Amino acid sequence: MSDEIINNNTNNNITTTIELDPLEQAIKNKENELQNELNRYENILRYERQTLLKVKDRVSESGKMGFFMIQAQVTDFQRKKDIEQKNLVKKSKRDFVNKLLPIIDSFRESRDLAPPN
């Protein structure tokens with residue numbers, strides 16, 4: 001493929017064709033090759049940037065999700081501890097009352113057995 005310089009003379013309607021010297025042609029071809037390679041690398045770089053942004057977004061999102069998961073676990077732990085504490089208080093009260101019942105029964109029996117005044 002040879003590049004040609006075309007000169008249109010509008011007054012005479014004469015077209016002249018001048019061929020480029022082989023060294024200039026080689027330089028022009030090399031420039032085109034380098035420009036194509038540069039364009040290819042720019043496209044690769046653009047794609048890699050987009051991929052990197054997607055990964056960055058996923059990492060950011062997973063970090064947020066990790067925070068929310070930890071927060072949910074802490075909340076769940078606190079809720080379970082509150083329930084356990086309430087159950088422990090109920091059990092303690094029940095045990096206390098169960099220990100007092102024989103004493104109360106003994107007072108009732110002693111009142112029934114005591115001679116009237």
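Just so it is clear, the structure is predicted and the values come from calculations on it, not from any experiment.
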Worksheet, complete the sentence: Taken to the nearest 0.5 Å, the spacing of Asp105 CG from Ser110 OG works out to 10.5 Å
Worksheet entry | Option passing side chain to side chain contact (heavy atoms under 4.5 Å, CB included) with Ile83 (candidates Lys86, Arg79, Lys80, Lys81) | Arg79
Item to complete: Would you kindly say whether Glu33 and Asn29 are connected by a side-chain donor-acceptor distance under 3.5 Å?
Response: no
Worksheet item: Is Lys91 salt-bridged to Asp95, cutoff N-O under 4.0 Å?
Response: yes
Worksheet item: Please walk me through it: do Lys93 and Val89 pass side chain to side chain contact (heavy atoms under 4.5 Å, CB included)?
Response: CA-CA 6 Å; Lys93 286 179 180 178; Val89 168; 3.8 Å; yes
Worksheet item: Would Arg40 and Asn43 count as having a side-chain donor-acceptor pair, cut-off 3.5 Å?
Response: no
Worksheet entry | Reported OG-to-CG distance for the pair Ser106 and Leu100, which is rounded to 0.5 angstrom | 11.5 Å
Discussion item. Please determine whether residues Leu38 and Ile44 belong to a single hydrophobic cluster, defined as Ile, Leu, Val, Met, Phe, Trp and Tyr linked transitively by side-chain heavy-atom distances below 4.5 Å.
Written reply: no
Response to the item:
Rounding to 0.5 Å, atoms CD (Gln73) and CZ (Phe68) come to a distance of 14.0 Å
Worksheet item: Applying the 4.5 Å side-chain criterion to the ILVMFWY set and letting contacts propagate, would Ile103 and Phe96 be lumped into a single cluster?
Response: yes
Discussion item. Run Glu42 and Arg46 through side chain to side chain contact (heavy atoms under 4.5 Å, CB included) and show every step you take.
Written reply: CA-CA 6 Å; Glu42 284 176 345; Arg46 195 173 299 114; 4.3 Å; yes
Fill in: Residues Arg49, Leu45; criterion side chain to side chain contact (heavy atoms under 4.5 Å, CB included); working and verdict
CA-CA 6 Å; Arg49 280 184 184 148; Leu45 182 60; 3.6 Å; yes
Worksheet item: Looking at CD of Glu61 and CE of Met65, how far apart are the two atoms once the value is rounded to the nearest 0.5 Å?
Response: 7.0 Å
Discussion item. If only side-chain N and O atoms count, and only distance matters, is there a donor-acceptor pair under 3.5 Å linking Gln78 with Asp82?
Written reply: no
Discussion item. Can you confirm whether more than 12 heavy atoms, excluding those of Gln85, are under 6.0 Å from its CD atom?
Written reply: no
Discussion item. As an exercise, state the distance from CZ of Phe77 to CD1 of Ile70, rounded to the nearest 0.5 Å.
Written reply: 14.5 Å
Worksheet item: If you round to the nearest 0.5 Å, how far is CG of Leu34 from OH of Tyr41?
Response: 11.0 Å
